[in-house]
*Asks:* 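Handing you a structure now.
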Amino acid sequence: MLKVVTFASFPHIPREISATILFNYLSSLIMMTVGVLGTVGNELVLAMFLRFRGLITPTSLLLINLAVSDLGLIVLGFPFSASSSFAGRWLFGDGGCQWYAFMGFLFGSAHIGTLALLALDRYLIACRISLRGKLTYRRYCQMLAAIWGYSFSGQLCLF
């Protein structure tokens, strides 16, 4: 027979604290799951483009950059937030907080910029047929450099 466990089963633990602990564990578990799945998925995207180099087009450079920015955010940001959520408090002090904010803004800005360029790319390909020949590898590399330049320059203003 299945026994239902309620807060009344643990009278020595206040209801608010146990709910907070449950929320922290649950959110930490979700972050770890998203982190593992995101890492594997983005690594598969990068491995596919490395393995099949013929698939690399100017537009796929945007997808590669999207995978790199996602991977950076997951690998360099999620461990901080997941472990702190599990502990129920920030574990990494002021320096860790600054690093977390730096990585979050850097890779988050690169991610958003890449998505904006991907939308622009699809618009130009679909609606501006006369521009197709002008969208070269060099042009896309310049746009990606602008994205990362914007992301890094945004950091200089904050720190």
*Asks:* Using the rule that two of Ile, Leu, Val, Met, Phe, Trp, Tyr join whenever any of their side-chain heavy atoms come within less than 4.5 Å, decide whether Phe152 and Met103 are in one cluster.
*Replies:*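 Yes.
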*Asks:* Do Val40 and Leu71 belong together in a cluster built from hydrophobic side chains that touch within less than 4.5 Å?
*Replies:*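 No, it is not one cluster - the side chains of Val40 and Leu71 are not joined through contacts under 4.5 Å.
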*Asks:* Group every Ile, Leu, Val, Met, Phe, Trp and Tyr by side-chain heavy-atom contacts under 4.5 Å, then state whether Val68 and Ile147 land in the same group.
*Replies:*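 Yes; tracing contacts between hydrophobic side chains, which count when under 4.5 Å, links both residues.
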*Asks:* Should Val34 and Phe23 be regarded as members of a common hydrophobic cluster, given that ILVMFWY residues are connected when their side-chain heavy atoms come within less than 4.5 Å of each other, either directly or indirectly?
*Replies:*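 Different clusters.
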*Asks:* On a heavy-atom basis, which atom in Leu61 and which in Cys141 lie closest, and how many Å separate them?
*Replies:*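 What the structure gives for the nearest pair is CD1-SG, 4.2 Å.
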*Asks:* How long is the span from the OG1 atom in Thr114 to the CE atom in Met143, to the nearest 0.5 Å?
*Replies:*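 Reported to 0.5 Å precision, the distance equals 10.5 Å.
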*Asks:* Of all residues at least two apart in sequence or in a different chain, which pass the side-chain hydrogen bond (donor to acceptor under 3.5 Å, both in side chains) check with Ser83?
*Replies:*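 Residues passing side-chain hydrogen bond (donor to acceptor under 3.5 Å, both in side chains) with Ser83: none at all.
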*Asks:* Looking at every non-hydrogen atom in both residues, tell me the closest pair between Pro58 and Leu135 and how far apart they are.
*Replies:*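 What the structure gives for the nearest pair is CG-O, 4.0 Å.
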*Asks:* In Å, rounded to the nearest 0.5 Å, how long is the span from NE2 of His111 to CG of Asp70?
*Replies:*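 CG of Asp70 is found 5.0 Å from NE2 of His111.
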*Asks:* Of the non-hydrogen atoms in Ser84 and Phe92, which two are nearest, and what is the gap between them?
*Replies:*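 For Ser84 and Phe92, the tightest heavy-atom pair comes out as OG-CE1, 3.6 Å.
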*Asks:* Return the set of residues passing side chain to side chain contact (heavy atoms under 4.5 Å, CB included) with Met31 (not counting sequence neighbours), or none when no residue passes.
*Replies:*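 For Met31 the side chain to side chain contact (heavy atoms under 4.5 Å, CB included) partners, ignoring immediate neighbours, are Ser27, Ser81, Ala82, Ser85.
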*Asks:* Please identify each residue that fulfils side-chain hydrogen bond (donor to acceptor under 3.5 Å, both in side chains) with Tyr150, with sequence neighbours left out.
*Replies:*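 Not a single residue meets the side-chain hydrogen bond (donor to acceptor under 3.5 Å, both in side chains) criterion with Tyr150.
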*Asks:* Is a donor on one side and an acceptor on the other found under 3.5 Å between the side chain of Trp148 and the backbone of Ser151?
*Replies:*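 It does not hold such a pair.
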*Asks:* According to a hydrophobic-cluster definition based on side-chain heavy atoms being under 4.5 Å apart (Ile, Leu, Val, Met, Phe, Trp, Tyr only), do Phe78 and Phe107 belong together?
*Replies:*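 No, it is not one cluster - the side chains of Phe78 and Phe107 are not joined through contacts under 4.5 Å.
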*Asks:* Holding to side chain to side chain contact (heavy atoms under 4.5 Å, CB included), I want the full list of residues that pass it with Thr136, two or more places apart in sequence or in another chain.
*Replies:*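 Result, side chain to side chain contact (heavy atoms under 4.5 Å, CB included) vs Thr136: Arg138, Arg139.
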*Asks:* At what distance, to the nearest 0.5 angstrom, does CG of Leu66 lie from CD1 of Ile112?
*Replies:*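 The distance works out to 11.0 Å.
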*Asks:* With Phe86, which residues qualify under ring-ring contact (aromatic ring centres under 6.0 Å, His included), at least two apart?
*Replies:*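 In terms of ring-ring contact (aromatic ring centres under 6.0 Å, His included), with neighbours along the sequence ignored, Phe86 is linked to Tyr25.
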*Asks:* Hey, is the main chain of Leu29 close enough, under 3.5 Å, to the side chain of Thr33 for a donor-acceptor pair?
*Replies:*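 Answer holds: yes.
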*Asks:* For Pro79, which residues count as a side chain to side chain contact (heavy atoms under 4.5 Å, CB included) partner, sequence neighbours excluded?
*Replies:*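 Pro79 satisfies side chain to side chain contact (heavy atoms under 4.5 Å, CB included) with no other residue.
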*Asks:* Can you name the residues that form a side-chain hydrogen bond (donor to acceptor under 3.5 Å, both in side chains) with Tyr100, not counting sequence neighbours?
*Replies:*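 Tyr100 satisfies side-chain hydrogen bond (donor to acceptor under 3.5 Å, both in side chains) with no other residue.
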*Asks:* Drop me the distance from Ile64's CD1 to Asn42's CG, to the nearest 0.5 angstrom.
*Replies:*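 Rounded to the nearest 0.5 Å, the CD1-CG separation comes out at 12.0 Å.
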*Asks:* Apply side chain to side chain contact (heavy atoms under 4.5 Å, CB included) to the pair Leu73 and Leu106, showing each step before the final yes or no.
*Replies:* CA-CA 8 Å; Leu73 189 60; Leu106 175 70; over 6 Å; no
*Asks:* Look up atom CG in Leu62 and atom CG in Leu115, then write down how far apart they are to the nearest 0.5 Å.
*Replies:*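 Rounded to the nearest 0.5 Å, the CG-CG separation comes to 9.5 Å.
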*Asks:* Which residues pass the side chain to side chain contact (heavy atoms under 4.5 Å, CB included) test with Thr59, sequence neighbours left out?
*Replies:*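 Here the qualifying residues are Thr57, Leu118, Asp121, Arg122, Tyr140.
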*Asks:* Would you list the atom pairs, donor with acceptor, under 3.5 Å between side chains in residues 45-56 and any protein atom, with sequence neighbours excluded?
*Replies:*
none

*Asks:* Residues two or more places apart in sequence or in another chain: which of them pass side-chain hydrogen bond (donor to acceptor under 3.5 Å, both in side chains) with Glu43?
*Replies:*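 None.
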*Asks:* May I have the step-by-step check of side chain to side chain contact (heavy atoms under 4.5 Å, CB included) for Leu26 and Ile30, ending in yes or no?
*Replies:* CA-CA 6 Å; Leu26 186 61; Ile30 290 170; 4.3 Å; yes
